[in-house]
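Read the structure below first, then the notes.
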Amino acid sequence: MLDSNSLYIVDENGDEKKMTILFTFDSDDFKKQYVVFEDPENPDQVFAMAYTDQGELMPIEDEAEWDMVDEVVATFLSDEEETEG
């Protein structure tokens with residue numbers, strides 16, 4: 001589930017966990033929307049998932065899709081470091 005700056009995922013123990021949304025983006029190539037987020041308790045780990053218009057999260061399973069997402073995330077993180085430095 002997505003809200004304005006947080007999303008909730010169910011972890012491997014079945015517990016719901018609140019995550020912080022870093023940004024969202026659309027891909028014309030894959031015709032999907034993506035959300036990039038982090039665990040506020042461990043901000044060194046960044047995660048990404050696709051999502052539907054209804055806010056339903058979907059795993060990214062295609063290697064080419066992951067490559068595209070990795071590139072977008074790397075650009076975002078690089079830009080963040082430049083603005084902080």
Side-chain angles (χ1 to χ4, degrees):
M1 179 175 85
L2 297 167
D3 67 27
S4 63
N5 64 349
S6 301
L7 62 84
Y8 299 85
I9 62 167
V10 177
D11 68 14
E12 61 276 355
N13 299 323
D15 299 322
E16 189 173 74
K17 189 165 191 165
K18 184 176 182 177
M19 306 298 252
T20 302
I21 296 174
L22 299 174
F23 65 96
T24 61
F25 69 97
D26 297 338
S27 168
D28 291 335
D29 292 340
F30 291 96
K31 310 283 189 258
K32 292 183 183 177
Q33 302 171 85
Y34 299 89
V35 59
V36 178
F37 56 96
E38 67 184 3
D39 181 345
E41 296 173 10
N42 189 0
D44 293 333
Q45 288 188 310
V46 176
F47 305 93
M49 295 185 85
Y51 68 95
T52 66
D53 289 336
Q54 294 77 32
E56 180 183 342
L57 297 172
M58 300 176 300
I60 301 167
E61 298 174 344
D62 181 75
E63 189 172 332
E65 192 176 1
W66 263 121
D67 290 343
M68 179 275 302
V69 170
D70 282 342
E71 187 175 319
V72 171
V73 170
T75 300
F76 171 80
L77 294 176
S78 175
D79 289 348
E80 283 292 301
E81 288 175 5
E82 287 177 17
T83 59
E84 291 175 4

From [X] atom [atom1] to [Y] atom [atom2], the distance as rounded to the nearest 0.5 Å:
{"X": "K18", "Y": "E41", "atom1": "NZ", "atom2": "CD", "result": "11.5 Å"}
{"X": "L57", "Y": "M19", "atom1": "CG", "atom2": "CE", "result": "10.5 Å"}
{"X": "E16", "Y": "I9", "atom1": "CD", "atom2": "CD1", "result": "9.5 Å"}

Are the side chains of [X] and [Y] in touch, meaning some heavy atoms are under 4.5 Å apart?
{"X": "D53", "Y": "Q33", "value": "yes"}
{"X": "V36", "Y": "F76", "value": "no"}
{"X": "Y34", "Y": "M68", "value": "yes"}
{"X": "L22", "Y": "F37", "value": "no"}
{"X": "T24", "Y": "Y51", "value": "yes"}
{"X": "Q45", "Y": "D39", "value": "no"}

Taking a hydrophobic cluster as the set of Ile, Leu, Val, Met, Phe, Trp and Tyr residues connected by side-chain heavy atoms closer than 4.5 Å, whether directly or through intermediates, do [X] and [Y] fall within one such cluster?
{"X": "V35", "Y": "V46", "result": "no"}
{"X": "F30", "Y": "V73", "result": "yes"}
{"X": "V69", "Y": "F23", "result": "yes"}

* Asked: Is there a donor-acceptor pair closer than 3.5 Å between any side-chain N or O of S78 and the backbone N or O of A74?
  ->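 No, because the side chain of S78 does not come within donor-acceptor range (under 3.5 Å) of the backbone of A74.
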
* **D15 backbone acceptor or donor facing N13 side chain under 3.5 Å** =>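 A pair under 3.5 Å: no.
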
* **Closest contact, heavy atoms only, M58 versus M49** =>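 Between these two residues, the closest heavy atoms are O-CB, 3.6 Å.
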
* Where do P40 and T20 come nearest, in terms of heavy atoms and distance? ->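 Minimum heavy-atom contact is CG-OG1, 3.7 Å.
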
